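Heads up, the thing below is written out as structure tokens.
A quick note: this is a predicted structure, and the numbers were derived from the prediction, not measured.
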Amino acid sequence: MLVEKFNHTVIEKKWRSYWDTNNVFKTSQDRTKKKFYCLEMFPYPSGKIHMGHVRNYTLGDVIANFKRLNGFNVLHPMGWDSFGMPAENAAIQNKLHPKQWTLNNIETMKSQLKLLGFSIDWDREISTCDKSYYKHQQKFFIDLYKKGLVYKKESSVNWDPVDNTVLANEQVIDGKGWRSGADVIQKKLSQWFFKITKFADELNNSLESLNAWPEKVKLMQKNWIGKSIGCEIQFSLSDSAKKETLKIFTTRPDTIFGASFIALAIDHPLSKKYEKSAEFISFKEQCYKIGNTDEAIAKTEKFGFKTDYEAEHPFITNKKIPVYFANFVLMDYGTGAIFGCPAHDQRDLDFARKYNLEVLPVILPSDQNEKDFEIKNEAYVENGTLINSDFLNGMTVEQAKSTVIKKFEDSKKGLGKTTFRLRDWGISRQRYWGCPIPILYREDGSVVPVREQDLPIELPEDISFDKPGNPLEHHPTWKFTTCPETGQKAIRETDTLDTFVDSSWYFLRFCSSDNDKAGYATDDAKYWMPVDQYIGGVEHAILHLLYSRFFSRAISLDTEFVVTEPFTGLFTQGMVCHKTFKTEDGQWVYPEDVVEENNQTFEKNTKKRVIIGPSESMSKSKKNVIDPQSVIEMYGADAVRWFVLSDSPPERDIQWSDEGISGSYKFVQKVWNISEKINSIQEKKELVHEVQNDLDKLINKLIKDITYNIEHFHFNVAVAKFYEFINALSKILSDNEIDKEKYQSIFKQFLILIYPFLPHLASECWEKITKEQNLHCQNWPVFDEKLLIVEEINLVIQINGKKRAILLVKPDISEENLFNMSLDLDNVKKFTENKTILKKIYVKNKLINFVVTE
RNA sequence: GCGGAUGUGGUGGAAUGGUAGACACGUCAGACUCAAAAUCUGAUGCGCGCAAGUGUGUAACGGUUCAAGUCCGUUCAUCCGCACCA
């Protein structure tokens, strides 16, 4: 039989335009239906889509389709995270306006996403650089300002003195600006902050409720928030002149009797006293010289500067404790001051050894006795019993902590306190291509938010990048205005918002994307939120996800509908990797420029030898990228979708390979061929009962397997089950080419199951059988438990746990019979002869294990 | 340094404590063909054996169990996160 190939170019296009013109993926307004909000992290419009996008959106699309077929009202939208620095860099390089650059990219990428046949409701498309979006964001900013969740303070930033701009941490490479190469300096700037720390405890505690989040992500957020429970202690200080008090923070107040020094951060307020001291200045310089890479800091030796202060021990009268500035104490954590207990903290021990300070153990390990216990080069940080500690002696660490905190509180020398590692979120960016911060600085010095009716504060389009720095700052007129309330002259804030703000509420906007009055409508949010399934890269595990959790809480605070957790389910997918190619002189080569001759690889044009390197995540810098569009054109969207779902579990990295994609292509063709073969059956005779039964069982098993594996995100296993089914079906078919109706009824169920994966192919096959274009609105098939029962089982016979035979039996034969039957088998006899059977184990319908003497 | 994850054929990977290697790629053999491509069939962890079989095998070592890739302990390797956080 000659069948025409599945012509993906024509057929896939046909279905995309059918879905489009018939609004098949438009979100239903029916609010009586159970909802499902399926969201993938929206892309930054950088130019073209890459394989990572394809994988991300394919995963989401399977879920969205699956839920639709299961009767849910599904919200599956798409938008653009379209503010950000690359647009400005492109503008500078290509003399193209950031807006135009961005809009061009969006157009390209949208058309590419459409090629993949994703079931996206494009009517809800949003773009964060559009004023219809950022106007609401400005309103949120003002709301937060009024709620006291926004404030301005001096903070130090990475400043590139050549480009006159603030750099993000990742743009500072070895202490130099990534573009100018200039030494980056720390500059104090007045910047806006969101008070995310106000929510620190809640963000931390609420992680527990996120059952459908990967443990790994929760742990990363927990560590990032860094809650630590401890206590603040007031020490009395005295130098020759006067008495002062000093607050320190510790999580180990139980070790107070082992305190042998106090250490301050070098920029602690008390350093004022020494700012003219040459010795102190040189100490400070020594600290700064170490550099700011994290690793350098961690490996640096601990050293300090001794002050002439002495602190009084809170419980031991007349005990004086020396006070140092130390290079390992940070001003922005706790109070910027600690007490050191060298016996039970490694850093403190290193420091104490260097300056010959007392090392007094106060915690005794349970396996040691007090007389012999000694601290050598390692501090003892585990649990134990308190010793050398007056009223704490004999207690456990936990008891000692609570006892001593109570004592501090009673004597007003300290207070139980919890601190967090999490800092407030600095949101000012000295950049053009971002959301303007709606703030006016009036002539009289007052700072006021813009009135709501004056929103949006639009970005001017007539800007110039001729001068370095922020074009908003240089604009001849934009920032000069008058205050509408007082008529005073005023200057606009020229900083724009961090683009992480844009992505911290876009999921709410999707619920009400065309609402002009508000960022989102309560009714819409009540119905759609939270996002049931969120899918994206693990690189956003902390910042984006934490900011979103904060921002949605903050903006909905004191409203009728408070969004606590915006994403109930989270899935983080792995990256797409590909082999790397390099010439012998170290130049990266694009895969399509590599040619093979006589088992050697060469660069197409220069004929230079090419070395094939290890598979690494696709990146433009290594040129190991595959352009999705060209692959779609060659193999079709369905084959590409199939490829990114097969083989690797979605949470792991996947290796792109030419063999892999052609394998996927073959599968698409194979399904098509079987479909055509079924439809062309002429012989009207009915299949014999046994074969019908086999087919029923086959599809029934598939329904069970696919349902289970989609629900558990085992898409690679689902793919394998489809292969198994098609292999088995094709075998049965080639032996029994009769009874078209039976095969079609089986195949129709298969098409519903595979539609989420291969929507174009499945729809076409469906239409061929049913003459209908309605596969997308079928019901997900249900499996029948009765059909899962097998007539014959392979009962494994083990002797001492080793497989020795297989018994083909009907289920539910009595245990005793099975034992006798198996003991009759030759191979079983061989291993039981002259042995005593000590024990017989029977696992129903699975195996028998005879335990015999050796 | 601290925290976490992972380790299974030539490769990607399957496997509610119960037949390890499903499925796919690759390789080999065969069919079809003048030939090639495509397609189809079969084989494929390693050792021994003509075969039936049998030994061995899930990073290494040890333990629990009738039975361990799976549970527990120690070690090694790789990857990720945090990094002087008091």
Side-chain angles (χ1 to χ4, degrees), chain A residues 3 5 214-224 226-228 230 248-253 255 263 265 290 293-302 326-330 332-341 344-348 350-351 381 419-422 538-539 541-542 577 615 643 646-649 651-655 657-664 666-667 669-670 673 714 716-727 730-731 734 794-806 826-827 830 838-852:
Chain A
V3 278
K5 266 188 147 186
E215 286 303 318
K216 177 191 158 100
V217 174
K218 287 198 273 183
L219 191 67
M220 278 163 75
Q221 292 215 354
K222 209 175 172 75
N223 291 340
W224 188 264
K227 178 176 181 173
S228 50
I248 66 100
F249 175 75
T250 182
T251 53
R252 295 297 302 273
T255 63
I290 288 150
T293 69
D294 298 335
E295 219 184 319
I297 292 168
K299 285 184 181 149
T300 305
E301 197 188 342
K302 320 248 166 303
N327 65 338
F328 63 92
V329 181
L330 305 174
D332 59 3
Y333 188 77
T335 58
I338 61 161
F339 79 77
C341 174
H344 306 291
D345 182 288
Q346 194 58 44
R347 286 161 313 177
D348 296 349
D350 295 345
F351 191 81
V381 296
T419 12
F420 296 90
R421 208 188 75 108
L422 184 70
V538 73
E539 65 273 20
I542 298 174
C577 300
S615 194
F643 177 88
S646 41
D647 281 0
S648 293
E651 68 276 13
R652 273 202 239 171
D653 289 354
I654 189 171
Q655 315 293 325
S657 73
D658 296 344
E659 294 82 10
I661 183 66
S662 69
S664 300
K666 281 183 204 168
F667 178 74
Q669 293 298 340
K670 191 167 177 175
N673 290 343
H714 298 166
N716 58 321
V717 183
V719 163
K721 299 293 177 191
F722 278 124
Y723 275 115
E724 268 178 3
F725 172 82
I726 283 295
N727 289 344
S730 119
K731 207 178 173 75
S734 65
N794 287 325
L795 194 76
V796 174
I797 316 298
Q798 297 183 336
I799 290 150
N800 285 348
K802 283 202 167 130
K803 184 179 85 178
R804 292 302 175 191
I806 287 173
D826 288 347
N827 216 33
K830 190 170 126 194
L838 302 172
K839 202 171 178 183
K840 292 187 270 190
I841 286 142
Y842 174 59
V843 182
K844 191 160 184 240
N845 296 342
K846 282 244 167 79
L847 62 70
I848 284 176
N849 189 12
F850 294 108
V851 184
V852 301

[X] side-chain proximity, nearest of [options]:
{"X": "A:F249", "options": "B:rG18, B:rG53, B:rA86", "answer": "B:rA86"}
{"X": "A:L219", "options": "B:rG13, B:rA86, B:rG4", "answer": "B:rG4"}
{"X": "A:E659", "options": "B:rC80, B:rG26, B:rU54", "answer": "B:rG26"}
{"X": "A:R652", "options": "B:rC84, B:rG18, B:rG13", "answer": "B:rG13"}
{"X": "A:V329", "options": "B:rU54, B:rA86, B:rC23", "answer": "B:rA86"}
{"X": "A:R804", "options": "B:rU54, B:rC82, B:rG18", "answer": "B:rU54"}
{"X": "A:M220", "options": "B:rU54, B:rA86, B:rG81", "answer": "B:rG81"}
{"X": "A:E724", "options": "B:rA22, B:rC85, B:rG18", "answer": "B:rA22"}
{"X": "A:K666", "options": "B:rA24, B:rG81, B:rU39", "answer": "B:rU39"}
{"X": "A:V851", "options": "B:rC66, B:rA86, B:rC80", "answer": "B:rC66"}

Under 4.0 angstrom, heavy atoms only, what part of the nucleic acid is [X] near: base, sugar-phosphate, or nothing?
{"X": "A:K721", "value": "nothing"}
{"X": "A:K802", "value": "sugar-phosphate"}
{"X": "A:K830", "value": "sugar-phosphate"}
{"X": "A:K731", "value": "sugar-phosphate"}
{"X": "A:N827", "value": "sugar-phosphate"}
{"X": "A:D348", "value": "nothing"}

Do the side chain of A:K5 and the base of B:rU39 come within less than 3.5 angstrom through a donor-acceptor pair of N or O atoms?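 By the distance-only test, no, there is no pair.
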Side-chain donor/acceptor contact of A:K216 with base of B:rC80 under 3.5 Å: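 Result: no qualifying N/O pair found.
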Taking Watson-Crick and G-U wobble pairs with both distances under 3.5 Å, convert RNA chain B into its dot-bracket string, 5' to 3', dots for unpaired and | for cross-strand pairs. (((((((..(((.....[....)))((((((.......))))))((((....))))..(((((..]....))))))))))))....
Between [N] and [M], how far is it from one [atom1] atom to the other, in whole Å?
{"N": "B:rU65", "M": "B:rG18", "atom1": "C1'", "result": "12 Å"}
{"N": "B:rC46", "M": "B:rC28", "atom1": "P", "result": "15 Å"}
{"N": "B:rU33", "M": "B:rG21", "atom1": "P", "result": "37 Å"}
{"N": "B:rG62", "M": "B:rG9", "atom1": "C1'", "result": "26 Å"}
{"N": "B:rU6", "M": "B:rA59", "atom1": "C1'", "result": "11 Å"}
{"N": "B:rC84", "M": "B:rU74", "atom1": "P", "result": "28 Å"}
{"N": "B:rG17", "M": "B:rG81", "atom1": "C1'", "result": "32 Å"}
{"N": "B:rC61", "M": "B:rU56", "atom1": "P", "result": "14 Å"}

A:F339 versus A:D348: any side-chain heavy-atom pair under 4.5 Å?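 A side-chain contact under 4.5 Å is absent here.
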Calculate, to the nearest 0.5 Å, the distance between atoms [atom1] and [atom2] belonging to [X] and [Y] respectively.
{"X": "A:D345", "Y": "A:F351", "atom1": "CG", "atom2": "CZ", "answer": "12.0 Å"}
{"X": "A:Y723", "Y": "A:K670", "atom1": "OH", "atom2": "NZ", "answer": "9.0 Å"}
{"X": "A:Y842", "Y": "A:F850", "atom1": "OH", "atom2": "CZ", "answer": "11.5 Å"}
{"X": "A:Q798", "Y": "A:I806", "atom1": "CD", "atom2": "CD1", "answer": "10.5 Å"}
{"X": "A:N849", "Y": "A:I799", "atom1": "CG", "atom2": "CD1", "answer": "8.5 Å"}

Using modelled atom types and a 3.5 Å cut-off, is there a donor and acceptor pairing between side-chain atoms of A:N800 and backbone atoms of A:V852?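 Confirmed, A:N800 side chain pairs with A:V852 backbone.
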Report yes or no: does A:N827 contribute a side-chain atom to a donor-acceptor pair with the main-chain N or O of A:R804 at less than 3.5 Å?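 Yes.
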Most 5' of A:I542 and A:D653 on RNA chain B, judged by nearest nucleotide: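 Between the two, 5'-proximity favours A:D653.
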Return the value, rounded to whole Å, for the distance between atom [atom1] of [X] and atom [atom2] of [N].
{"X": "A:F850", "N": "B:rA67", "atom1": "CZ", "atom2": "P", "answer": "16 Å"}
{"X": "A:I726", "N": "B:rU39", "atom1": "CD1", "atom2": "P", "answer": "15 Å"}
{"X": "A:R421", "N": "B:rC84", "atom1": "CZ", "atom2": "C1'", "answer": "12 Å"}
{"X": "A:I799", "N": "B:rG55", "atom1": "CD1", "atom2": "C1'", "answer": "16 Å"}

Please lay out, stage by stage, how A:N673 and A:Q669 fare under the test side chain to side chain donor-acceptor pair (under 3.5 Å). CA-CA 6 Å; A:N673 290 343; A:Q669 293 298 340; 5.5 Å; no
Based on the glycosidic angle (syn within 90° of 0, else anti), state the conformation of B:rG9.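 Classified syn.
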